[in-house]
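If you scroll down you'll find the structure; I have some questions about it.
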Amino acid sequence: MPELPEVETIARQLRCGGPAHPPLPGRVIDAVTLRWPRHIAAPAPHRFRREILGRTFRGVARRGKYLVFPLDRGTLLIHLKMSGDLGLVPSVEPSGPYDHTVFHLDGGWDLRFGDARKFGKVFLLDDPDRLLVSLGPEPLGRDFTARSLGRALHRHARALKPLLLDQTFVAGVGNIYADEALHRARLHPLRRSNALKDDEVHRLWRGLRAALRAGLRHNGASIDWVYRGGDFQNHFRVYQRDGEPCPVCGTAIRRIIVGQRGTHYCPTCQPRRKG
DNA sequence: AGCGTCACCCGGACGC
DNA sequence: TGCGTCCGGGTGACGC
């Protein structure tokens, strides 16, 4: 379940290259393999194939959980959803069973979109804003201040957890970082957004940014079947640690369901009522 | 209108 | 071995 830190880690690797592969910008798409055409959200797969052939990657960016690839004409966008992974690998390397969408590049390289669950989506758009305009602010951006977060929180009367997961409220936060942020902020996931005092808003702002930055520092988390080099999973404070002691106070971490999502919190550090 | 809930898409993991 | 169930990101349908 790649979230902001995982997607950003992938973007950085593709943008800058490394010992294992060159940077993606400058490479040309010679061919594509579409083994699961439903990966292609827009345009229709046959048109997608026609229009992407011969395009050159001009950059690599991230917006929320989207990878954004400006091309010499149009923009390629990829959402990894739950199980997606993206890698630049030598084309001689054998394809994995989940490499459903593959971009064959010049110089003997493949950009492979592996996706066991097949929930991922690929877009080729003239105007990427069509997709990105509804996203909320970037939580690590300059304009995401405690003040702006407070104003946004007070516009809603929602539980904090589902609000953090709402991509129109803030972009890039998923289940892991929502739980980690609320723990750092010492706020119960069911607290109402419009009932937060100023100091609590500030704690949430700091907790959210600290959790995301910690994830970035560790190159993201590698959990379940997706390993991409990150090790933030070894530093979770509450996520998937139900029954284990809270790293702050030792109380057993509890797991509840909030908005159909597994939610992990410390009942002592994150009291239901203001604390 | 705002909010909560549920179904959907998938398949690996897990429990019985 | 072979079921049924759970899980989750984002979206859309529905009901209050």
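Below, chains carry the letters A, B, ... as their sequence lines are ordered, and counting in each starts from 1. On a predicted model such as this, the values are computed, not experimentally measured, just so you know.
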Across nucleotides 11-16 of chain C, 5' to 3', mark each nucleotide with B, S or - according to how protein heavy atoms within less than 4.0 Å reach it.
------
Please check if any side-chain donor atom of A:Asn219 sits under 3.5 Å from a side-chain acceptor atom of A:Thr9, or the reverse.
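Judged by distance alone, the side chains do not pair up.
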Pair A:His39-A:Asp115, side-chain donor/acceptor within less than 3.5 Å
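A:Asp115 and A:His39 do have a side-chain donor-acceptor pair below 3.5 Å.
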A:Phe119 aromatic ring stacked with six-membered ring of B:dC10, 5.5 Å and 30°
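According to the criterion (under 5.5 Å, under 30°), no, A:Phe119 does not stack.
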Sort me out a list of protein N/O and nucleotides 4-7 of chain C N/O pairs below 3.5 Å, or just none if empty.
| from | atom 1 | to | atom 2 | distance (Å) |
| --- | --- | --- | --- | --- |
| C:dC7 | OP1 | A:Arg255 | NH1 | 3.4 |
| C:dC7 | OP1 | A:Arg255 | NH2 | 3.1 |

For A:Arg49, check side chain to side chain donor-acceptor pair (under 3.5 Å) against everything at least two apart and list the hits.
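If we apply the side chain to side chain donor-acceptor pair (under 3.5 Å) test to A:Arg49, skipping adjacent residues, there are no hits.
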With a 3.5 Å cut-off and sequence neighbours excluded, list the donor-acceptor pairs that the side chains of residues 243-256 of chain A form with protein atoms.
| from | atom 1 | to | atom 2 | distance (Å) |
| --- | --- | --- | --- | --- |
| A:Thr251 | OG1 | A:Thr268 | OG1 | 2.7 |

Going hydrophobic residue to hydrophobic residue with side-chain gaps under 4.5 angstrom, can you get from A:Phe113 over to A:Ile29?
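The answer is yes; both residues are in one hydrophobic cluster.
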Name every donor-acceptor pair, under 3.5 Å, that has one atom in a side chain of residues 121-134 of chain A and the other anywhere in the protein, sequence neighbours excluded.
| from | atom 1 | to | atom 2 | distance (Å) |
| --- | --- | --- | --- | --- |
| A:Lys121 | NZ | A:Arg38 | O | 3.1 |
| A:Asp127 | OD1 | A:Asp129 | N | 3.1 |

Quiz: residues 86-99 of chain A side-chain donor-acceptor pairs under 3.5 angstrom, not counting sequence neighbours:
| from | atom 1 | to | atom 2 | distance (Å) |
| --- | --- | --- | --- | --- |
| A:Ser91 | OG | A:Gly108 | O | 3.0 |
| A:Asp99 | OD2 | A:Gly96 | N | 2.8 |

Using whole Å, what does the distance between atom C1' of nucleotide B:dG12 and atom CG of A:Asp115 come to?
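It is 13 Å, rounded to the nearest whole Å.
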Per the salt bridge (charged side-chain N to carboxylate O under 4.0 Å, His left out) rule, what does the pair list look like for residues 131-145 of chain A, sequence neighbours excluded?
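Every pair satisfying salt bridge (charged side-chain N to carboxylate O under 4.0 Å, His left out) with a residue in residues 131-145 of chain A: A:Arg62-A:Glu138, A:Arg63-A:Glu138.
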Starting at NZ of A:Lys161 and ending at C1' of C:dG8, how long is that distance when rounded to a whole Å?
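So the NZ-C1' distance, A:Lys161 to C:dG8, works out to 11 Å.
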Whole-Å gap separating P (C:dG9) and CG (A:Asp179):
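A:Asp179 atom CG is separated from C:dG9 atom P by 10 Å.
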Salt bridge (charged side-chain N to carboxylate O under 4.0 Å, His left out) contacts touching residues 149-159 of chain A (sequence neighbours left out):
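Applying salt bridge (charged side-chain N to carboxylate O under 4.0 Å, His left out) to every pair that reaches into residues 149-159 of chain A, excluding sequence neighbours, yields A:Arg158-A:Asp166.
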With a 4.0 Å limit, can you tell me whether A:Lys121 has a side-chain N or O closer than that to the phosphate oxygens OP1/OP2 of C:dG10?
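So the side chain of A:Lys121 is outside the cut-off, no N or O lying under 4.0 Å from OP1 or OP2 of C:dG10.
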Under 4.0 angstrom between A:Tyr98 side-chain N/O and B:dC10 OP1 or OP2
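For B:dC10, neither OP1 nor OP2 has a side-chain N or O of A:Tyr98 closer than 4.0 Å.
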d(CD, A:Gln240; P, B:dC14) in whole Å
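Rounded to the whole Å, the gap is 11 Å.
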Rounded (10°) bend between the five-pair end axes of the helix from B:dG2-C:dC16 to B:dC16-C:dG2:
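Rounded to the nearest 10 degrees, the bend comes out at 50°.
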Examine the side chains of A:Asp231 and A:His218 and answer whether a donor and an acceptor come within less than 3.5 Å of each other.
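A:Asp231 vs A:His218: donor-acceptor pair found between side chains.
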Give the rounded distance in Å between these two atoms: NZ of A:Lys118 and C1' of C:dG9.
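Value for this atom pair: 18 Å.
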Whole angstrom is fine here: how far is it from CD in A:Gln260 over to C1' in B:dA7?
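After rounding, the reported distance stands at 10 Å.
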Give every residue pair that meets the side chain to side chain donor-acceptor pair (under 3.5 Å) criterion with at least one member in residues 18-32 of chain A, sequence neighbours excluded.
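For residues 18-32 of chain A: A:Arg27-A:Asp106.
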Verify the contact: side-chain N or O of A:His79 to OP1 or OP2 of C:dG10, cut-off strictly under 4.0 Å; return yes or no.
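The answer is yes; a side-chain N or O of A:His79 sits under 4.0 Å from OP1 or OP2.
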Enumerate the protein-to-nucleotides 1-4 of chain B contacts in which both atoms are nitrogen or oxygen and the separation is below 3.5 Å.
| from | atom 1 | to | atom 2 | distance (Å) |
| --- | --- | --- | --- | --- |
| B:dC3 | OP1 | A:Ala157 | N | 2.6 |
| B:dC3 | OP2 | A:His156 | ND1 | 2.9 |
| B:dG4 | OP1 | A:Arg192 | NH1 | 3.1 |
| B:dG4 | OP2 | A:Arg158 | NE | 3.0 |

Checking A:Arg184 now: which residues fulfil side chain to side chain contact (heavy atoms under 4.5 Å, CB included) with it, not counting sequence neighbours?
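For A:Arg184 the side chain to side chain contact (heavy atoms under 4.5 Å, CB included) partners, ignoring immediate neighbours, are A:Ala210, A:Ala211, A:Ala214, A:Arg237.
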Distance, rounded to the nearest Å, where A:Leu4 contributes CG and C:dG9 contributes C1'
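After rounding, the reported distance stands at 14 Å.
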Angle between ring planes, A:Tyr177 versus A:Phe232, binned at 30° and 60°: parallel, tilted or perpendicular?
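Plane angle under 30°, so parallel.
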Can you tell me the distance, in whole Å, between the CD1 atom of A:Ile176 and the P atom of C:dG9?
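So the CD1-P distance, A:Ile176 to C:dG9, works out to 8 Å.
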Using only atom types and a distance under 3.5 Å, with no angle test, would you say the side chain of A:Glu3 pairs donor to acceptor with the backbone of A:Lys65?
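A pair under 3.5 Å: no.
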Counting just side-chain N and O atoms, does A:Lys65 come under 4.0 Å of either OP1 or OP2 of C:dG10?
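Result: yes.
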